[in-house]
Amino acid sequence: MEIPQLTVTLAGGTNTGKTTFMHGMYARLSAGFHDYFLYTIDPDDDVDLQEAWERLLDTGDVPRGGQAPQEYAFRFARQLTPLLDMTWTDFRGGAAYESGRKADAQPDIEQWKEHLPKTDSLYVVLDGEALGTWVKEGAEEGANFSSGRMGPARLSQIIRAAHAGRTAAGNPPPSIVLLITKMDMLSVASGMSTAKAFKTATLNMRKLLSPLFEQGMTTLVCPVQIGTFKRSQTENGRVDPSLIRPQYLHVPICFSLWYYLTETLRAQEQQLVGAQVRLTVSQEMLAELRSKSLLLGKRKKILSAEASALAQQAEKSAIEDGINTRQTQADQMMATFENFPVIKDGKIYMNWPEDNS
């Protein structure tokens with residue numbers, strides 16, 4: 001059975017924590033989450049990612065992205081059974097907001113433009129400090145908001161481009177993760193508890209990123225952190241390792257898989273309808289043949305019709321088994337983010353606990 005492919009893209013400005021999040025996510029899931037594991041197809045990528053995370057834990061050196069896009073091929077598996085292959089490309093922040101027309105334009109700008117419409121799951125990265133400041137200043141529409149040199153207009157354009165690329169190819173819209181990095185800075189910048197600042201930001205998000213509220217869009221709003229550093233900048237690219245306390249790093253990818261599984265379920269349910277129709281036709285043909293008393297070659301035709309009906313029944317059973325398996329997997333993935341806000345078809349579904357900080 002061919003392993004499904006998923007393209008994940010992180011869209012965020014400079015120094016918003018995209019690369020560090022990816023390293024933390026991999027460290028969390030490569031160690032296993034329930035029966036689920038994430039690993040790299042290329043063993044050398046695994047070594048590089050693990051070594052970078054170990055340096056962070058030992059010396060506080062924060063993983064940094066390079067000038068050129070870094071592509072990783074991940075495989076998501078349950079125990080030893082592969083579920084999904086993911087292409088994950090880490091672009092530098094400037095690739096998403098710089099112009100490709102300038103004489104000194106970097107080549108990754110054009111690579112970004114070509115890559116974005118192919119996205120299956122888009123992670124829109126907002127810096128927690130920038131978001132906390134926006135909340136403190138009243139969470140107003142049209143405010144001078146900037147997350148790593150990217151404002152609402154540019155972020156909204158990225159969301160629309162990813163949506164257009166998917167739908168133009170006849171696919172459902174991409175899943176969206178609104179990834180709020182540096183969660184520890186939300187309370188520092190807003191002057192509120194983390195829970196209150198996060199809830200205020202989410203409830204007012206339409207003022208900042210209105211495309212997330214369009215019909216057909218499904219977005220998880222997820223705060224993440226590497227540690228409780230409570231500072232906007234690192235010192236010479238380092239943090240205090242004793243303050244490293246990762247939170248929620250595994251949640252976004254579980255949401256991406258859940259969304260993929262639910263879209264697959266819709267397709268399988270349509271296949272099941274077709275299989276049931278074909279089975280019904282075969283059974284009716286078989287019953288008609290059996291009812292005829294005088295029919296040349298009756299036995300041969302009945303055997304052929306019986307074989308056809310059995311094949312149709314086997315096809316229907318296989319689709320039903322697939323639906324049951326996918327539904328179980330989807331339910332398991334949903335359990336990881338059921339307390340996180342989801343924006344779907346313009347409505348916010350929120351169950352974020354008030355005392356979560």
Side-chain angles (χ1 to χ4, degrees), residues 4-26 29 38 40-41 45 49 63-76 84-98 100 106-127 147-150 152-169 171-181 209 211-212 214 216-222 224 249-260 263 343:
Q5 306 286 322
L6 195 72
T7 298
V8 178
T9 301
L10 275 79
T14 305
N15 295 325
T16 53
K18 301 184 301 297
T19 300
T20 308
F21 161 72
M22 185 193 64
H23 281 76
M25 173 207 70
Y26 185 73
L29 285 171
L38 186 72
T40 60
I41 305 299
D45 285 339
L49 289 167
R64 296 291 183 182
Q67 284 295 106
Q70 179 65 56
E71 184 174 285
Y72 296 94
F74 292 123
R75 178 161 290 170
F76 198 65
L84 197 67
D85 281 354
M86 284 173 289
T87 301
W88 190 294
T89 306
D90 186 15
F91 286 88
R92 67 182 181 90
Y97 61 75
E98 293 175 2
Q106 298 295 314
D108 61 350
I109 298 173
E110 291 304 316
Q111 292 173 305
W112 163 263
K113 292 177 183 177
E114 294 175 2
H115 178 85
L116 183 59
K118 303 173 185 176
T119 299
D120 299 307
S121 190
L122 177 66
Y123 289 26
V124 179
V125 182
L126 295 184
D127 182 284
S147 174
R149 297 180 63 185
M150 292 182 70
R154 183 65 191 129
L155 291 166
S156 295
Q157 178 58 27
I158 288 171
I159 295 167
R160 291 192 178 97
H163 179 277
R166 287 274 299 173
T167 54
N171 296 316
S175 61
I176 308 289
V177 175
L178 187 58
L179 188 71
I180 301 171
T181 54
L209 296 173
L212 298 179
E214 293 178 6
M217 300 292 281
T218 304
T219 302
L220 173 74
V221 187
C222 182
V224 296
L249 301 179
H250 65 290
V251 173
I253 206 167
C254 291
F255 171 79
S256 296
L257 179 56
W258 168 83
Y259 185 87
Y260 166 79
E263 292 301 321
I343 305 170

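Predicted, not measured: the structure shown is a model, and the values here were computed from it.
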Exercise for the section: State, with a plain yes or no, whether a side-chain heavy atom of E71 is found less than 4.5 Å away from one of T87. Expected result: yes

Handout entry: Partner of Y26 by ring-ring contact (aromatic ring centres under 6.0 Å, His included), out of W88, F74, F76
Key = F74

Practice task
Find out whether T218 and S175 are in side-chain contact, i.e. whether some heavy atom of one side chain is under 4.5 Å from a heavy atom of the other.
Solution key: no

Problem - Spatial distance of atom NE2 (H115) from atom CD (E110) [nearest 0.5 Å] - result: 14.5 Å

Practice task
Give the C-alpha distance, both sets of side-chain angles, the deciding distance and a yes or no for side-chain contact (heavy atoms from CB on, under 4.5 Å) between L49 and M22.
Solution key: CA-CA 9 Å; L49 289 167; M22 185 193 64; 4.0 Å; yes

Exercise for the section: Just say parallel, tilted or perpendicular for the rings of F21 and Y123, cut-offs at 30° and 60°. Expected result: tilted

Problem - From SG (C254) to CE (M25), nearest 0.5 Å - result: 10.0 Å

Completion exercise
Distance col, row T219:OG1 vs L178:CG, nearest 0.5 angstrom, shows 7.5 Å

Practice task
Could you tell me which non-hydrogen atom of L220 sits nearest to which non-hydrogen atom of P252, and how far apart they are?
Solution key: CD2-CA, 4.2 Å

Problem - Y259 vs D120, side-chain contact (heavy atoms from CB on, under 4.5 Å): CA-CA, chis, key distance, verdict - result: CA-CA 10 Å; Y259 185 87; D120 299 307; over 6 Å; no

Handout entry: T9 OG1 to I158 CD1 distance, which is reported to the nearest 0.5 Å
Key = 10.0 Å

Handout entry: Gap separating the CZ atom of F91 from the CG atom of L116, nearest 0.5 angstrom
Key = 9.0 Å

Problem - T20 (side chain) donor-acceptor with G17 (main chain) under 3.5 angstrom - result: no

Exercise for the section: Go through R166 and T119 one step at a time and tell me if the side-chain contact (heavy atoms from CB on, under 4.5 Å) criterion holds. Expected result: CA-CA 7 Å; R166 287 274 299 173; T119 299; 5.8 Å; no

Handout entry: Positive for side chain to side chain donor-acceptor pair (under 3.5 Å) with R92, one of Q106, E98, Q70
Key = E98

Problem - Result of checking L155, L179, V221, T181 against L126 for side chain to side chain contact (heavy atoms under 4.5 Å, CB included) - result: L155

Problem - Distance (rounded to the nearest 0.5 Å) between M86 CE and Q5 CD - result: 10.5 Å

Practice task
Determine whether the side chains of S121 and Y260 contain a donor N or O and an acceptor N or O closer than 3.5 Å.
Solution key: no

Practice task
Output, in order, the C-alpha distance, side-chain angles, deciding distance and verdict of side-chain contact (heavy atoms from CB on, under 4.5 Å) for R154 and R149.
Solution key: CA-CA 10 Å; R154 183 65 191 129; R149 297 180 63 185; over 6 Å; no

Practice task
Keeping the roles fixed (side chain from S147, backbone from D127), state whether a donor-acceptor pair exists under 3.5 Å.
Solution key: yes

Problem - Exercise: identify the closest heavy-atom pair between P173 and M217 - result: CB-SD, 4.2 Å

Exercise for the section: Quick one: closest heavy-atom pair of P69 and T89, and the distance? Expected result: CB-CG2, 4.0 Å

Exercise for the section: Compare every heavy atom of M150 with every heavy atom of G12, then report the nearest pair and how far apart it is. Expected result: C-SD, 3.4 Å

Fill in the blank from the handout: Smallest heavy-atom separation, A95 atom then D108 atom, equals CB-OD2, 3.6 Å

